[in-house]
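Have a look at the structure below before the remarks.
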Amino acid sequence: MSSLIEKDLSLTLDEKTNIDISETEIVGLYVMDMIGHNRDNDQDIFQIHPGKALNHCTLLTKLIWQI
């Protein structure tokens with residue numbers, strides 16, 4: 001199994017394309033809960049709710065601008 005800890009991780013995009021991320025350094029973690037769900041009247045819903053505090057919104061803004 002590959003991991004960032006072992007410094008041997010890569011992403012496979014397709015049969016010809018791999019991206020080496022083995023030297024990636026994790027500097028933070030953003031945990032999201034219940035970001036996708038389905039309902040009888042609406043399928044494949046994706047939601048992000050950053051919270052009500054200003055620092056939560058700031059973190060979400062940084063996340064969106066890096067995508």
Side-chain angles (χ1 to χ4, degrees):
M1 178 180 279
S2 299
S3 73
L4 283 175
I5 303 301
E6 300 293 327
K7 299 283 187 187
D8 63 356
L9 191 60
S10 66
L11 299 176
T12 302
L13 301 181
D14 56 41
E15 292 179 8
K16 298 178 182 178
T17 309
N18 285 328
I19 300 174
D20 179 12
I21 60 170
S22 61
E23 295 300 319
T24 300
E25 180 181 340
I26 299 173
V27 295
L29 178 68
Y30 190 77
V31 178
M32 295 187 286
D33 187 23
M34 296 294 292
I35 59 173
H37 61 278
N38 291 318
R39 293 188 296 214
D40 290 339
N41 64 345
D42 202 358
Q43 298 292 307
D44 302 322
I45 299 169
F46 181 80
Q47 295 176 294
I48 298 175
H49 186 281
K52 296 180 180 179
L54 179 59
N55 60 338
H56 297 166
C57 294
T58 303
L59 182 59
L60 179 63
T61 301
K62 290 179 181 179
L63 174 68
I64 290 172
W65 282 105
Q66 290 183 12
I67 294 177

Nearest heavy-atom approach of Asp8 to Ser3 is OD1-N, 3.0 Å
With a cut-off of 6.0 Å (strictly less than), are more than 12 heavy atoms of other residues, nucleotides or ligands near CG of Asp40?
no
From NZ (Lys7) to CD1 (Ile21), nearest 0.5 Å
10.5 Å
What about Leu9 and Ile26, same hydrophobic cluster or not, with Ile/Leu/Val/Met/Phe/Trp/Tyr joined at side-chain heavy-atom distances under 4.5 Å?
yes
Under 3.5 Å, is there a donor-acceptor pair between the side chain of Asn18 and the main chain of Leu13?
no
So does Ile45 have more than 12 non-hydrogen atoms from other groups sitting under 6.0 Å from CD1?
yes
